[in-house]
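Please read the structure below before turning to the comments.
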Amino acid sequence: MQRKEVVDQITMKRAITRITYEIIERNQSIEDIVLVGIKTRGIYIAARIAERLQQLENIAVPVGELDITLYRDDKKETPKEAELHSSDIPVSLEGKEVILIDDVLYTGRTIRAAMDAVMDFGRPRKISLAVLVDRGHRELPIRADYVGKNIPTSRAEEILVEMQELDGQDRIMILKDEE
């Protein structure tokens, strides 16, 4: 397996900061925003965006964790077989602007499942999407509102996001099987 680093720690931090500034610019008020990170790496990105929002706007934005395991349509597992993780949404989503946050946007199936899961927690006024990496190859009509990096890939390649909190370092790599 070939591995190529395409984003280093500094560039990743800049991408997250850029997403944060875009959230501030596109929203009249960030008081009604709830950041919801999709497990696993999306929760760390959401926490970092919330930290930057606190630094820049002096407002503590609620951050939730969303597990979409039971909402996936592309997994062969039945709900009894699926490993059940818990979602943790600390506030009501009724009438709020929810910004779903994930590490990589690929086919769109994860985001579709996440939107279904969010609706079980209430009816937000609006749902937006922020992703660290958009790699293309959509199977559903879903696009990100906030993108850290566009990294075009082939279907034979894979994007691997590593985060300090989970992997001990921040970087994004492209993986490709050796031919």
Side-chain angles (χ1 to χ4, degrees), residues 7 12 15-16 19-20 23 30 32-54 60-149 151 153 158-173 175:
V7 174
M12 184 186 289
I16 291 171
I19 290 170
T20 306
I23 290 170
I30 61 172
D32 281 339
I33 289 177
V34 179
L35 303 177
V36 177
I38 299 171
K39 286 189 173 180
T40 298
R41 285 167 180 80
I43 63 174
Y44 302 116
I45 298 166
R48 290 184 191 188
I49 291 170
E51 183 181 320
R52 291 295 287 145
L53 285 169
Q54 175 72 44
V61 175
V63 178
E65 299 179 5
L66 191 64
D67 179 14
I68 60 158
T69 305
L70 298 179
Y71 295 87
R72 300 287 306 221
D73 70 350
D74 57 345
K75 301 292 183 194
K76 302 285 187 238
E77 304 167 326
T78 63
K80 290 180 183 174
E81 297 166 335
E83 183 181 344
L84 188 57
H85 301 283
S86 63
S87 293
D88 178 20
I89 309 294
V91 296
S92 169
L93 300 182
E94 287 293 325
K96 300 286 188 183
E97 177 169 343
V98 171
I99 301 178
L100 285 172
I101 300 172
D102 203 7
D103 57 348
V104 178
L105 177 56
Y106 181 34
T107 63
R109 294 190 179 278
T110 297
I111 306 310
R112 188 218 45 88
M115 289 189 293
D116 287 347
V118 161
M119 292 304 185
D120 282 349
F121 287 93
R123 189 174 189 286
R125 180 174 49 79
K126 180 179 178 183
I127 298 176
S128 300
L129 174 61
V131 295
L132 186 58
V133 176
D134 184 343
R135 65 170 286 193
H137 304 288
R138 224 68 80 235
E139 294 175 4
L140 298 172
I142 291 174
R143 69 167 179 78
D145 301 281
Y146 310 98
V147 177
K149 285 297 227 188
I151 302 176
T153 61
E158 189 177 326
I159 296 283
L160 174 65
V161 174
E162 292 185 341
M163 306 223 35
Q164 181 69 39
E165 298 89 338
L166 194 61
D167 307 298
Q169 63 185 332
D170 286 341
R171 68 179 177 175
I172 300 171
M173 298 191 325
L175 309 178

Heavy atoms only: give me the nearest [X]-[Y] pair and the separation to one decimal.
X	Y	value
G148	I19	N-CD1, 3.6 Å
K96	S92	CG-O, 3.4 Å
A117	I68	CB-CG2, 4.4 Å
I89	E65	CD1-O, 3.8 Å

**Asked** Mind checking whether I16 and I49 have side chains closer than 4.5 Å, heavy atoms only?
**Response** yes
**Trace of the salt bridge (Lys or Arg N to Asp or Glu O under 4.0 Å) decision for R41 with D167** = CA-CA 10 Å; R41 285 167 180 80; D167 307 298; 2.9 Å; yes
**Message:** Among I43, L100, I101, which residue satisfies the side-chain contact (heavy atoms from CB on, under 4.5 Å) criterion with L66?
**Reply:**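 By the side-chain contact (heavy atoms from CB on, under 4.5 Å) criterion, L66 pairs with just one of I43, L100, I101: L100.
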**Prompt:** Around R123, counting heavy atoms of other residues, nucleotides and ligands shown, do more than 12 lie under 6.0 Å from its CZ?
**Reply:** no
**Item:** Residues R48, D170: salt bridge by 4.0 Å N-O rule
**Value:** yes
Main chain of [Y], side chain of [X]: is a donor-acceptor contact present, judged purely on distance under 3.5 Å?
X	Y	answer
R138	Y106	yes
D145	L129	yes
K149	M12	no
R112	Y71	yes

**Item:** Counterpart residues, side-chain hydrogen bond (donor to acceptor under 3.5 Å, both in side chains), relative to Q54 (two or more places apart)
**Value:** N58
